[in-house]
Asker: 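So that we are looking at the same thing, I have put the structure below in structure tokens.
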Amino acid sequence: MRIVTWNINSVRLRLDMVLRLVDDYGPDVLCLQETKVVDDAFPLKELAARGYVHAHVRGMKSYNGVAILSRLPLSATGGTLWCERQDCRHVQAELPGGIELHNFYIPAGGDIPDPDLNDKFRHKLRFLDELAAWGEALEDRQKPRILVGDLNIAPLENDVWSHRQLLNVISHTPIEVEKMDAMMRAGEWVDAVRHFLPATEKLYTWWSYRSADWGLSDRGRRLDHIWVTPPLVPHLLGYTVMREARGWGPKPSDHVPVMIDLAV
DNA sequence: ATGGTAGCGTAGCTA
């Protein structure tokens, strides 16, 4: 089973790149974030024509939006609202084999890394606290689960281009990393990419639009993640971070797809 | 220390 997660930053604007991705890599399941489209306007037909006839999308006007597109049947589709907001930041579904899939778009958190001065950062931290409580409350600890998405946190030193220079930059602050760690422990999540790539190796999935030459300066961060629960760890076959997609132009997403293969 | 770009939707918010 091949699963991809990608923050597409407008699925309508970049539908051609989504189709290129599915043509080139043929994932069984494609999870998108920042689709930025209401459900009625989601380009489902184009994906169904490629075999992705199973879909669960949850979008809103202008912001956020998450989607699961699948060639495999989806059941028990749903999603949760977090922090008493209507934001479309989570969808879930069950895949064949009883695998529970969660697709998240965690708030970015704004610029000022102080929850007392910055409502957006306060929201992000609350969201993480709710995710930890949710992980703690998950029933059936033996259930195979996959969590993907733009989690907007780069937890390890080598998940950013400069640990020292980003310590006070939202996405890499100690408080966020601590809360993400708590969330991982609560749900017994395993980082499926770092399962293969040692923590001493740098890896990024996002490069800002605000730098002239993203590839040369390479000031990236690993914001996009795929986690699995322990029953799936022995089934992990490998991962791919599609760095080349950052150059799919002339107007690429600032995030690239992350993919894992599972022997299930 | 600052400003840099992008999408949506057409001003200003969000990233």
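Chain naming here is simple, since letters A, B, ... match the order of the sequence lines and numbering starts at 1 in each. Note that the structure is a prediction, hence the values are computed from the model and not measured.
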Asker: When you compare B:dC13 with B:dG9, how far apart are their P atoms, in angstrom units rounded to a whole number?
Answerer: 16 Å

Asker: Side-chain N or O of A:K120 versus OP1/OP2 of B:dT14: is the shortest distance under 4.0 Å?
Answerer: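 Answer is yes, contact under 4.0 Å.
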
Asker: Just how far, in rounded Å, is P of B:dC8 from OH of A:Y63?
Answerer: 12 Å

Asker: Is the number of heavy atoms from other residues, nucleotides or ligands under 6.0 Å of A:D140 CG greater than 12?
Answerer: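 Buried by this count: over 12 neighbours within 6.0 Å.
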
Asker: Taking CG from A:N64 and P from B:dA15, how many angstroms apart are they, rounded to a whole number?
Answerer: 7 Å

Asker: Counting only heavy atoms and a strict 4.0 angstrom limit, can you tell me which residues of residues 157-168 of chain A come near DNA chain B?
Answerer: none

Asker: Using a cut-off of strictly less than 4.0 Å, decide whether A:K36 has a side-chain nitrogen or oxygen near OP1 or OP2 of B:dA15.
Answerer: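 For B:dA15, neither OP1 nor OP2 has a side-chain N or O of A:K36 closer than 4.0 Å.
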
Asker: Could you tell me the separation between the CG atom of A:L13 and the P atom of B:dA15, rounded to a whole number of Å?
Answerer: 18 Å

Asker: Rounded to the Å, how far apart are A:D254 CG and B:dT5 C1'?
Answerer: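 Those two atoms, CG and C1', are 9 Å apart.
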
Asker: Can you establish whether the number of heavy atoms outside A:D111 located under 6.0 Å from its atom CG is more than 12?
Answerer: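 For A:D111, atom CG is not crowded (no more than 12 foreign heavy atoms under 6.0 Å).
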
Asker: Can you see whether A:W161 has A:R219 sitting over its ring - NZ or CZ less than 6.0 Å from the centre and within 45° of the normal?
Answerer: yes

Asker: If I pick the P atom on B:dG4 and the same atom on B:dC8, what distance separates them, to the nearest angstrom?
Answerer: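 Result for the P pair: 22 Å, nearest Å.
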
Asker: Among A:H255, A:R14, A:K251, A:Q33, which one satisfies side chain to side chain contact (heavy atoms under 4.5 Å, CB included) with A:N9?
Answerer: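 Passing option: A:R14.
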
Asker: Would you mind telling me which residue lines up with the more 5' stretch of DNA chain B, A:P252 or A:H255, judged by nearest nucleotide?
Answerer: A:P252

Asker: Could you state the atom-to-atom distance from CG of A:N7 to P of B:dA15 in whole Å?
Answerer: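 After rounding, the gap between these two atoms is 11 Å.
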
Asker: Can you tell me if the side-chain N/O atoms of A:S211 get under 4.0 Å from OP1 or OP2 in B:dG4?
Answerer: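 For A:S211, the contact criterion (side-chain N or O under 4.0 Å from OP1 or OP2 of B:dG4) is not met.
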
Asker: May I ask you to say what A:R246 touches in the nucleic acid, namely base, sugar-phosphate or nothing, with a heavy-atom cut-off under 4.0 Å?
Answerer: nothing

Asker: Of A:N103, A:V29, A:I226, which meets side chain to side chain contact (heavy atoms under 4.5 Å, CB included) against A:I146?
Answerer: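 Only one of A:N103, A:V29, A:I226 forms a side chain to side chain contact (heavy atoms under 4.5 Å, CB included) with A:I146, namely A:I226.
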
Asker: Has the side chain of A:E130 got a donor or acceptor atom that lies under 3.5 Å from a matching backbone atom of A:C83?
Answerer: yes

Asker: Taking the C1' atom of each, how far is B:dA15 from B:dG3, in whole Å?
Answerer: 16 Å

Asker: Which part of the nucleic acid, if any, lies within contact of A:R219, taking any heavy atom under 4.0 Å across all strands shown: a base, the sugar-phosphate backbone alone, or nothing?
Answerer: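 It contacts nothing in the nucleic acid.
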
Asker: A:K61 has an atom NZ; how far is it from atom C1' of B:dC13, in whole Å?
Answerer: 13 Å

Asker: Is any side-chain N or O of A:S10 closer than 4.0 Å to OP1 or OP2 of B:dC8?
Answerer: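 Result: yes.
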
Asker: Say you pick atom P in B:dA6 and the same atom in B:dA1; how far apart are they, in whole Å?
Answerer: 27 Å

Asker: If you assign each of A:R12 and A:R210 to its closest nucleotide in DNA chain B, which residue comes earlier from the 5' end?
Answerer: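 Result of the comparison: A:R12.
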
Asker: Check the pair A:L216, A:S211 against side chain to side chain contact (heavy atoms under 4.5 Å, CB included), reporting the backbone distance first and the verdict last.
Answerer: CA-CA 10 Å; A:L216 191 62; A:S211 63; over 6 Å; no

Asker: Provide the full list of ring pair (Phe, Tyr, Trp, His ring centres under 6.0 Å) pairs with a residue in residues 84-125 of chain A, sequence neighbours left out, each pair given once.
Answerer: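 Non-adjacent pairs meeting ring pair (Phe, Tyr, Trp, His ring centres under 6.0 Å): A:W82-A:H90, A:W82-A:F104, A:H90-A:H102, A:H90-A:F104, A:H102-A:W134, A:F104-A:W134.
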
Asker: Rounding to a whole Å, what distance do you find between A:L32:CG and B:dG7:C1'?
Answerer: 16 Å

Asker: Round to a whole Å and report the spacing from CG of A:N118 to C1' of B:dA15.
Answerer: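 After rounding, the reported distance stands at 13 Å.
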
